[in-house]
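Here is the structure we will look at, set down as structure tokens.
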Amino acid sequence: MSEPLHTVYVPRDAAALSVGADETAAAIRAEATRRGIPLRIVRNGSRGMLWLETLVEVETPEGRVAYGPVMAEDVAGLFDAGFLEGADHALTHGLTEKIPYFAKQERLTFARCGIIDPLSVEDYRLHGGFRGLERALAMTPAEIVTEVTESGLRGRGGAGFPTGIKWNTVLNAKADQKYICCNADEGDSGTFADRMIMEGDPFCLIEGMTIAAIAVGATEGYIYIRSEYPHAVATMREAIRLAYDEKWLGDEIHGTGHRFHLDVRVGAGAYICGEETSMLESLEGKRGTVRAKPPLPALEGLFGKPTIVNNVLSLTSVPIILDKGANHYRDFGVGRSRGTLAFQLAGNIKHGGIVEKAFGVTLHELLYEFGGGTITGRPIRAVQAGGPLGAYLPPSLFELPKDYEAFAAVEAMVGHGGIVVFDDSVDMARQARFAMEFCAAESCGKCTPCRIGAVRGVEVMDRIIAGDKVAANITLLNDLCEVMTDGSLCAMGGMTPIPVRSALKHFPEDFTRSPAAVAAE
Amino acid sequence: MNARSPWSEDRATAVIAANRHLRGALLPMLHALQEEFGCIDEEAIPLLARELNLSRADVHGVVSFYHEFRRSRPGRHTIKVCRAEACQSMNADGLIDHIRRRLKVDFHETTADDAFSLEPVFCLGNCALAPAVMVDETLHGRVSPARFDAIAASTLATEAAR
């Protein structure tokens with residue numbers, strides 16, 4: 001071969017596949033063959049600029065040049081234009097890392113996602129992979145826990161509990177067996193960061209879990225992935241197999257005395273299994289009903305043994321903390337919200353995707369500077385932040401900084417960083433009804449306020465929507481919300497009132513319907 | 001394409017045995033059985049109970065708890081439509097109405113020609129490319145009614161080409 005070999009990147013992320021990435025990759029392969037051009041196609045993860053998927057990148061001396069969204073039918077034209085040399089074309093965006101959406105981010109956890117071949121250990125190492133684990137292997141467990149504590153990392157699953165404190169509890173627990181469980185039951189609408197990093201940088205999760213295992217003396221771990229994520233399940237399983245081959249998992253991790261075995265378990269379509277104790281029940285092969293706390297899972301978790309239960313993003317933040325040190329991570333963020341979060345712009349948004357930024361970024365910046373407003377071109381009327389149990393927020397609160405405490409002060413939550421955008425066609429009474437309907441469908445049924453309250457909530461909302469005795473029914477709705485908040489065993493019933501009450505508080509005009517107006521609809 | 005194997009006790013016993021070494025093995029066993037037979041056959045319940053030293057009621061309780069496990073065989077293809085908030089904001093409700101009319105089925109039903117079973121899901125993790133639909137294990141984003149029709153047609157065309 002006299003010609004230099006061209007390298008082209010085509011994502012294998014599920015979102016990219018959902019808009020034709022496989023077809024685009026096949027078209028590039030076929031066109032290159034037809035023209036006799038030697039080509040290497042790397043199936044990388046997604047850069048997270050999902051509106052540009054399929055985002056095809058071409059390696060050039062100046063860096064990777066982006067073209068997107070590239071459909072299979074665009075491919076011949078791209079070859080004609082000379083895209084393999086990074087030439088101009090209607091679909092080009094120049095150097096990928098200069099695209100403002102990407103350039104303005106602060107990528108720590110997602111630093112490799114979309115850049116490397118997710119299933120190449122060599123690529124992972126070349127981009128700083130396993131450096132955190134190598135350092136951890138030379139530290140004492142207490143030193144590792146201290147490093148994580150000092151980083152200020154809080155659980156990225158939503159509750160925001162300090163990760164180091166949880167680890168310390170497990171470290172100090174006396175037991176013959178301890179476990180690390182990764183909660184990858186990412187069921188919140190508007191969230192896809194767990195899926196993206198599992199598909200785009202799976203070794204990062206394996207590395208984070210192995211560090212956690214060494215830190216607390218655990219020798220077995222499970223990744224509980226929801227069944228709706230078949231691509232993530234396949235990628236994680238293959239990555240685990242490769243990690244065993246390369247002795248990053250197993251009985252003697254890289255010649256040290258450390259032992260860690262890791263397995264993937266698949267959920268079965270129950271939202272409640274994202275709650276940590278339900279997930280543990282499910283892992284044990286039971287109905288995913290919540291357990292009363294105490295005992296904490298840190299002391300009596302999986303099979304009754306001390307267990308770390310952490311979210312994917314918590315665990316994938318650990319390698320860089322160990323690699324670059326606690327201070328490096330803690331220097332990002334505001335107040336008691338340290339480091340970065342992968343915000344997920346979803347729903348009716350022009351530029352949807354992943355924006356990893358330090359805490360303190362405002363909703364306004366995320367929605368307009370990154371998101372570009374709605375895709376329908378209509379004004380944004382409401383955003384739901386923090387998943388289906390999160391508050392609906394009006395534009396008057398968009399200057400709010402993303403910070404656990406600032407959000408809590410207005411009865412909202414950062415949660416897992418999901419942001420779902422609605423334009424002005426949204427009916428907030430219907431969204432409140434849906435929150436109750438969702439809770440009724442997904443309640444584990446163990447406690448009455450959640451199981452029955454949600455069903456009653458749907459009935460009350462139906463009467464309000466029908467314009468039937470609205471004032472009296474709103475009073476009843478508030479009572480019901482209070483009972484669910486105070487009386488539910490876990491966050492499912494306890495937080496369902498948050499979207500309902502926020503809709504009522506910020507969008508009261510959608511709830512005060514007269515029977516005549518309803519009849520005229 | 002959904003599994004079509006008819007029930008076989010020998011085959012079920014083998015599938016169960018292949019997962020015997022796992023701790024908390026019931027869910028992996030149920031997934032494996034569903035992959036083999038398309039559903040959790042009623043006759044699998046006593047086999048599982050015996051293997052795991054559980055009561056039949058315990059096993060039934062687990063099967064019925066999870067939305068994913070079905071008790072009857074689905075159509076040749078399963079269509080999962082997301083009806084969670086992000087998809088709602090992009091008019092998933094309108095898409096769902098279209099799909100129901102087009103296929104002449106409601107959720108949890110199978111078309112008359114046995115081609116498609118329709119299931120609701122809450123979130124497929126494709127929230128930035130809403131509305132989202134999954135056909136078997138293939139995810140589709142930005143699904144308009146017209147795009148849905150094309151996806152359904154190509155699913156059947158692929159089947160015919162086999």
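Computed from heavy atoms alone, side chains included, the values below leave out hydrogens, waters and symmetry copies. Lettering follows sequence order; numbering is per chain, from 1.
- Counting only N and O atoms by type, the side chains of B:Glu137 and A:His231 include no donor and acceptor under 3.5 Å apart.
- Contacts between A:Gln344 and chain B at a heavy-atom distance below 4.5 Å are absent for every atom of the residue.
- Only the side chain of A:Ile272 comes within contact range of chain B, with at least one heavy atom under 4.5 Å from a heavy atom of that chain.
- B:Ser89 contributes a side-chain N or O that, together with a main-chain N or O of A:Val421, makes up a donor-acceptor pair within less than 3.5 Å.
- Heavy-atom distances place the backbone of A:Thr191, and not its side chain, under 4.5 Å from chain B.
- For A:Glu281, no part sits under 4.5 Å from any heavy atom of chain B, backbone or side chain.
- In this structure, chain A has a heavy atom under 4.5 Å from the side chain of B:Arg142, while its backbone stays farther away.
- Within the 4.5 angstrom heavy-atom criterion, no atom of B:Leu52 approaches chain A.
- At distances below 3.5 Å, not a single donor-acceptor pair connects side-chain atoms of A:Ser189 with backbone N or O atoms of B:Cys123.
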Decide yes or no on side-chain contact (heavy atoms from CB on, under 4.5 Å) for B:Phe122 and A:Tyr271, but give the supporting numbers first. CA-CA 8 Å; B:Phe122 295 113; A:Tyr271 175 77; over 6 Å; no
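- Proximity to chain A (any heavy atom under 4.5 Å) is restricted, for B:Arg147, to the side chain, taken from C-beta onward.
- If you take CD on B:Glu85 and CG on A:Asn348, they are separated by 14.0 Å, rounding to the nearest 0.5 Å.
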